[in-house]
Amino acid sequence: MPRMTVLLVESDAAESERLQGRLQWVRGVDFVVTARDTLAGALEALRAARFDVVMADLSLADSPGSETFRRLRDGAGETPIVALIDPHETALGLLAVEEGALSYLIKSRVDANTLARSAQRAVKNARIKFGEWDSPMFHLAQHQFLKAAQLMGLDENIRERLMWPQRTLVVAIPFRRDNYSEVETVFGYRVQHVLAMGPTKGGIRYHEDVDLGETTALAMWMTWKCALMRLPYGGAKGGVAIDPTTLSRAELQRLTRRYALEIAPIVGPDKDIPAPDMGTNEQVMAWFMDTYSQQLGYTVPGVVTGKPVSLGGSLGRREATGRGLVHVVRRAAHHLGMDLAGSTAVVQGYGNVGSNAARLLAESGVKVTAVSDVRTGVYNANGIDLAAIDRHLAEHATLEGFAGGDAVTNAELLELPCDILAPCAIQNQITAANAAKIRCRLLAEGANGPTTLEADEILVDRGILILPDVLANAGGVTVSYFEWVQNTQNRPWTLAEVNERMGEIMTNAFDRTLQRSLQSKLDMRTAAMVEGVERVANAMLLRGLWP
Ligand code: NAD
C-alpha cells in the first residue's frame with residue numbers, strides 16, 4: 001500500500017483528531033500523520049523531518065492571521081501545502097493559494113475521501129508547480145477560477161479538471177535568420193483547455209515572455225469567455241517566445257510557417273482555430289492558413305480567423321475587440337446613469353484593441369484624454385487628437401515625440417483622473433501597489449489579465465465598476481466565430497450583419513452578467529466567471545466521463 005507522510009497543523013484538538021481519524025479511514029493509502037497544534041511546533045517538525053504534504057489550519061493559536069501561510073511556506077521549502085480554513089475564511093484561503101498553497105479546503109465540508117485526494121493531488125501538482133507552469137498569470141487564472149468555483153459550489157471533480165488544460169503541446173521551432181547560416185531555435189506552445197464544448201479557439205501571441213503558464217492562463221480565460229458569450233468553443237491559446245519586433249518580415253514568415261507546421265497535428269477548422277493576439281496580425285494568419293493548406297493540398301480558410309478579408313476574413317474583425325468593448329461600456333454607463341457624451345477616457349496601449357476602442361469612444365462623444373504605447377503615454381486634458389496620433393504613428397511607429405500632449409509614463413497614465421479607464425496593452429498593470437490610486441468610475445479591460453486579484457478587491461471596495469476581460473474584450477472572439485461560420489458556409493456577411501449580431505451578443509452577455517452580479521451579490525468579474533464556468537460544467541456533466 002502506498003504510504004504518505006502528512007504534517008497536520010491544527011490548534012483545535014477535537015478538529016485535529018477528527019481530521020486524523022478521517023485520514024486513517026482512507027482505503028488504498030497509508031497516511032502517516034504527525035500532528036502539531038502551533039506554528040512553532042510545525043516549523044520545528046519541518047526542520048526535523050521531511051513530509052510529503054503539509055495540511056495546515058491558517059488560524060493558529062500562536063499565529064492567527066495571513067502570516068501563517070508565509071511562515072509555513074518558508075519552513076516547508078518545496079513540500080506542498082494544503083490550507084485548511086473555516087467557511088468564513090475564503091479570503092485567507094485565496095491569499096494562501098496566491099502565495100503558493102496548492103489548494104484550500106473548507107474543514108467542515110471535507111470528508112475522508114476529499115481530504116485524501118487533496119493530499120495526493122497536492123503532491124502530484126507540486127512536481128508540476130516548480131516547472132514551466134509556475135507563472136503569475138497562471139496563478140491569477142487559477143485563483144479567479146477557484147474563487148468562482150467556491151462561490152458557486154462547483155462539483156469537486158469538475159473543479160480539479162478545469163484547474164488544468166486538457167492538452168498542451170510544446171514545440172522547439174528552428175528558423176533561419178536572414179544571413180542564412182544562422183538558425184535560431186525558440187519555443188512555441190499551443191494549449192487547449194477544454195475540448196468538451198466543440199473545437200477550441202484562441203489567439204497566437206508572439207512575445208519574449210510567452211511561456212507555458214502564460215499560454216495556459218490565456219487558454220483558460222478563453223474557455224470562460226466563449227462560454228459567457230455562448231459560442232460553441234472551448235478555450236485555447238498559443239504563442240512563441242520571441243520579440244517579433246526584432247525579426248525581418250522574411251524571418252517572421254519563416255518562423256510562422258514552421259510554428260504552424262509544428263502545431264498542425266492538433267489544429268484544424270473542426271479541432272482548434274487560432275487567431276491573432278499580441279505580436280501577430282492578419283499577415284501572420286495568412287501565412288499560417290497557407291502553411292496548413294499546403295500540407296493538406298487544398299485551401300482551408302476556416303483553420304484560422306483574423307485573416308485578411310481577401311482570404312476569407314470577416315468584415316469588421318479588425319476593429320471587433322475595440323467595438324465590443326465600447327458596446328459594453330455604453331451599456332455600463334447607462335446602468336451607472338453616466339452620460340457618455342462629455343465623459344472622459346484614458347486608454348493604455350494604442351494597438352489593435354486600444355486604438356479602435358479610443359476611436360469608437362471618441363465617436364460616442366467621449367473625450368479621450370490619454371493614450372500610450374510600450375514606450376510612452378501622451379496626456380492632454382482637453383482631449384487628444386486621435387487622427388493626429390494615427391498620422392504620427394504611421395510616420396514614426398511610436399508615440400514618442402508626439403506634440404499634441406504632455407508625455408506621461410504608463411504608470412502615471414493609469415492614475416490619471418477619468419470616467420473610463422481602458423487598459424488595452426498587457427497583463428498585471430493594476431496591482432495592489434496602484435489600485436488605491438486609480439481614479440475612474442468604470443474600468444473596461446481590453447487587455448487580458450490587466451488586474452491582479454488583490455487589486456480587484458481594492459477596486460471593488462472602492463465602488464469602481466469593472467468590466468472584466470472575459471466580457472469586455474470578447475468582441476474579437478465573437479467576430480472570429482462569425483468568420484469561422486462564414487468560412488464554413490462559404491457565405492460572406494455584410495459589415496452591418498457582423499456589427500449588429502456582435503452588438504446583440506455583447507449586450508446580452510453584459511445584461512446576464514449584471515443581472516447575476518446584482519442577484520447573487522457578486523462583483524462583475526466573479527459574476528462573469530460563474531456564468532461561464534456554469535455553462536462549461538453543465539456541458540461536461542451532460543457529456544459524462546469516458547471511459
Ligand atoms: P497590439 O500588439 O496590437 O497592441 C498592444 C499595444 O500595447 C501596443 O500599443 C503596444 O505598444 C502596447 N504595449 C505593449 N507592451 C506594453 C507595456 N509593457 N506597457 C504599455 N503598453 C504596452 O495588441 P492587441 O491585439 O491590441 O492586444 C492588446 C491586449 O488585448 C492583449 O492583452 C490581448 O491579449 C488583448 N486582446 C486582444 C484581442 C484582439 O482581437 N486583438 C482580443 C482580445 C484580447
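Each ligand, and each atom within it, is numbered from 1 in the order the structure gives.
E445 and T451 share a donor-acceptor pair across their side chains, judged by distance under 3.5 Å alone.
At a 4.0 Å heavy-atom cut-off, ligand 1 touches C424 through the backbone alone. If you look at N448 next to ligand 1, the close heavy atoms, those under 4.0 Å, come from the backbone and the side chain alike. Only the side chain of T321 comes within 4.0 Å of ligand 1, judged by heavy-atom distances.
Taking distance alone, with nitrogen or oxygen atoms compared against 3.5 Å, Y350 approaches ligand 1 more closely than that limit. Not one N or O of G354 is nearer than 3.5 Å to an N or O of ligand 1, by distance alone. Of the polar atoms of I426, none of the N or O atoms is found under 3.5 Å from an N or O of ligand 1, judged by distance alone. Looking at ligand 1, you won't find any N or O of S372 less than 3.5 Å from one of its N or O atoms. Considering backbone and side-chain atoms alike, G349 places every N or O at 3.5 Å or more from each N or O of ligand 1.
By the 4.0 Å N-to-carboxylate-O rule, E531 lies close enough to R230 to be salt-bridged with it.
With sequence neighbours left out, K225 forms a salt bridge (Lys or Arg N to Asp or Glu O under 4.0 Å) with no residue at all. Here S364 pairs with R330 under the side-chain hydrogen bond (donor to acceptor under 3.5 Å, both in side chains) rule; sequence neighbours left out.
Residue contacts with ligand 1 include R205, since one or more of its heavy atoms lies under 4.0 Å from the ligand.
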